[in-house]
Amino acid sequence: MRVLPASLGRSFNGLWFGTGAANLGDGMALFVLPLLALAVDASPGGVAAVTTALTLAWPIFGLHAGWIVDRVDRRALLSGVNIVRALVLVGLTAGHLTGTLSLPLLLAAAVLLGVGETLVDTALTSTIPSVVEPAGRGRANARIEATINVTNQLVGPPLAGLLAGLALAMATGVSAGLYVLAVAGIAAMTLRRPPAGPLPEDGGPRAAGSGGVVAGFLHLWRQPVVRAITLFTAAMNVVWAAATALLVVYAVRPGPLGLTAAQYGLLLTAMAVGGLLSSMVVERLRRRFGVTTLLIADAVGTVLLVAPVAFDAPVWAVAAGAVVAGAGSSIWRILVATIRQNLSPPELLGRIYSASRVLSWGVIPVSAALAGVGAELFDVRTVFAVATGLALLILAVFVPFARRTDLSAAMEADQEHRALA
């Protein structure tokens with residue numbers, strides 16, 4: 001297959017820049033909001049409530065976000081939501097400086113920022129097919145994923161911490177400015193109208209763009225590959241939620257690994273670096289090993305995320321498993337995003353993406369809560385042992401599915417063109 005030039009076009013570059021600026025603002029805002037809660041003397045429960053408010057939007061508002069994205073100009077939506085998020089942070093900055101900030105105001109701001117995230121994330125992945133030709137979507141998704149890893153996870157939190165050490169208002173103010181800066185990149189985009197999506201396998205009519213809120217969910221459920229990958233993602237997120245909720249308890253002193261908070265931070269940074277590096281080489285890996293092998297490797301990485309803790313392995317094994325899992329997670333998100341884009345009608349892509357997020361992310365808070373209950377009733381290693389068993393079961397089911405399904409066809413542009421013909 002012909003190697004495409006490095007540039008994906010001015011419109012994608014504008015979207016790419018806007019994504020980087022907005023996600024840097026996200027990473028800073030998510031870090032600084034709990035600090036603002038502490039600044040207003042919130043209790044530990046109040047601080048936790050802020051984090052909960054930030055994550056409520058996907059299960060509650062996710063399907064509606066997709067419906068909105070499919071019905072409005074996505075460039076205008078991305079610009080408008082980023083401006084609103086900037087105004088919210090300007091309001092928090094003013095409240096903190098004037099001493100009028102309160103926990104209820106913080107909770108309201110957290111809900112607004114969470115709703116904004118659902119709209120922006122849905123619009124982002126739905127816009128890529130409108131600015132990138134099918135053959136370039138894998139590279140486009142890889143660049144977006146790498147940018148999110150760098151700005152949201154690697155740069156945003158420490159930058160916010162540095163600025164917050166000088167003044168909390170400085171951290172919130174810079175975050176607001178980054179949302180405004182993202183609008184400049186979005187303004188550079190020119191959206192083309194993508195071709196209509198492939199016909200349903202049953203030969204029926206294409207899903208109408210005028211469908212309701214659940215139209216994306218219905219199409220997702222009727223498309224066997226997208227449905228199966230969404231369900232596998234949700235199942236693996238159960239394992240990830242348990243690990244995310246309890247790894248800190250196991251790793252940080254007085255936990256068995258005996259790490260300091262700084263050493264645990266380095267462990268999480270190493271996981272993010274693994275995701276960043278894999279997102280930079282995912283296209284070369286795909287050409288060398290194929291989609292099926294890479295997705296199976298990620299399912300193995302999910303096992304390695306929890307198995308070292310379950311078997312009381314030394315710290316190097318826990319760290320290595322986390323890095324492999326982080327790398328595999330990025331590869332999974334990139335490949336699955338491209339498959340979903342290629343197998344979804346453009347007029348429904350926003351709703352299909354949001355439906356997949358509601359299913360695959362909706363399990364996270366429930367799974368984390370159950371993991372916490374399990375740790376209270378038994379112990380952390382028992383929860384990780386159960387998670388390891390679940391991860392092995394997922395792997396055992398996913399391998400035959402991946403081998404009998406032509407996942408590579410959904411990643412190839414010429415395959416898609418034949419489907420659209």
Side-chain angles (χ1 to χ4, degrees), residues 12 15 19 58 62-63 65-67 69-70 74 118-145 148 194-201 206-207 209 211 214-237 279 282-283 286 291-292 294-295 298-299 328-363 398 401-402 405-413 415-417 419-420:
F12 173 76
L15 181 65
T19 298
W58 273 113
L63 292 178
W67 182 83
V69 166
D70 283 338
R74 289 167 184 167
T118 65
L119 291 167
V120 169
D121 284 0
T122 303
L124 169 64
T125 191
S126 305
T127 300
I128 289 175
S130 298
V131 297
V132 179
E133 295 292 340
R137 289 178 191 168
R139 290 188 300 125
N141 286 315
R143 291 186 185 182
I144 292 293
E145 177 68 21
I148 291 172
L199 288 170
E201 292 187 356
R206 289 187 178 94
V214 298
F217 177 83
L218 293 176
H219 181 88
L220 179 153
W221 202 254
R222 292 166 181 163
Q223 215 300 327
V225 175
V226 178
R227 179 185 67 228
I229 288 180
T230 300
L231 293 177
F232 278 117
T233 303
M236 285 192 282
N237 276 344
S279 65
V282 64
E283 278 298 289
R286 180 182 68 83
V291 178
T292 298
L294 290 181
L295 292 181
D298 174 63
S329 178
S330 279
I331 290 174
W332 179 279
R333 289 195 298 267
I334 292 165
L335 297 180
V336 167
T338 306
I339 290 171
R340 184 171 52 239
Q341 289 162 0
N342 286 351
L343 295 181
S344 301
E347 66 274 14
L348 281 177
L349 186 53
R351 280 167 284 178
I352 292 169
Y353 172 79
S354 62
S356 70
R357 271 289 184 98
V358 168
L359 288 173
S360 59
W361 283 38
V363 301
F398 181 71
F401 162 79
T405 304
D406 192 3
L407 296 173
S408 295
M411 292 287 297
E412 296 295 334
Q415 290 283 344
E416 184 187 22
H417 286 314
L420 297 176

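Since the structure is predicted, the reported quantities are computational estimates derived from the model, not experimental observations.
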For the backbone of [Y] and the side chain of [X], can you confirm whether one donor and one acceptor N or O come within less than 3.5 Å of each other?
{"X": "Arg351", "Y": "Gly216", "answer": "no"}
{"X": "Thr122", "Y": "Leu119", "answer": "no"}
{"X": "Ser356", "Y": "Tyr353", "answer": "yes"}

For the residue pair [X] and [Y], what are the closest heavy atoms and their distance?
{"X": "His219", "Y": "Leu343", "answer": "NE2-O, 3.8 Å"}
{"X": "Ala65", "Y": "Thr118", "answer": "CB-OG1, 3.7 Å"}
{"X": "Ala234", "Y": "Val363", "answer": "O-CG2, 3.4 Å"}
{"X": "Arg74", "Y": "Asp70", "answer": "NH2-OD1, 3.0 Å"}

**Item:** Spacing of CG belonging to Leu294 relative to CG belonging to Leu335, to within rounding of 0.5 Å
**Value:** 6.0 Å
**Asked** Got a second to check how far Gln223's CD is from Leu348's CG, nearest 0.5 Å?
**Response**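 The CD atom of Gln223 sits 12.0 Å away from the CG atom of Leu348.
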Which residues satisfy the side-chain contact (heavy atoms from CB on, under 4.5 Å) test with [X], sequence neighbours excluded?
{"X": "Ala355", "value": "Leu63, Phe217, Leu220"}
{"X": "Ala140", "value": "Leu8, Phe12, Ile128, Val132"}
{"X": "Thr233", "value": "Ile229, Asn237, Trp332, Ser360"}

**Message:** Once side chain to side chain donor-acceptor pair (under 3.5 Å) is applied, do any residues pair with Thr230, and if so which ones, sequence neighbours excluded?
**Reply:** none
**Asked** Residues in salt bridge (charged side-chain N to carboxylate O under 4.0 Å, His left out) with Arg340, at least two apart?
**Response** none
**Request:** Apply side-chain contact (heavy atoms from CB on, under 4.5 Å) to Ile334 and Ser279, showing your working.
**Result:** CA-CA 8 Å; Ile334 292 165; Ser279 65; 3.6 Å; yes
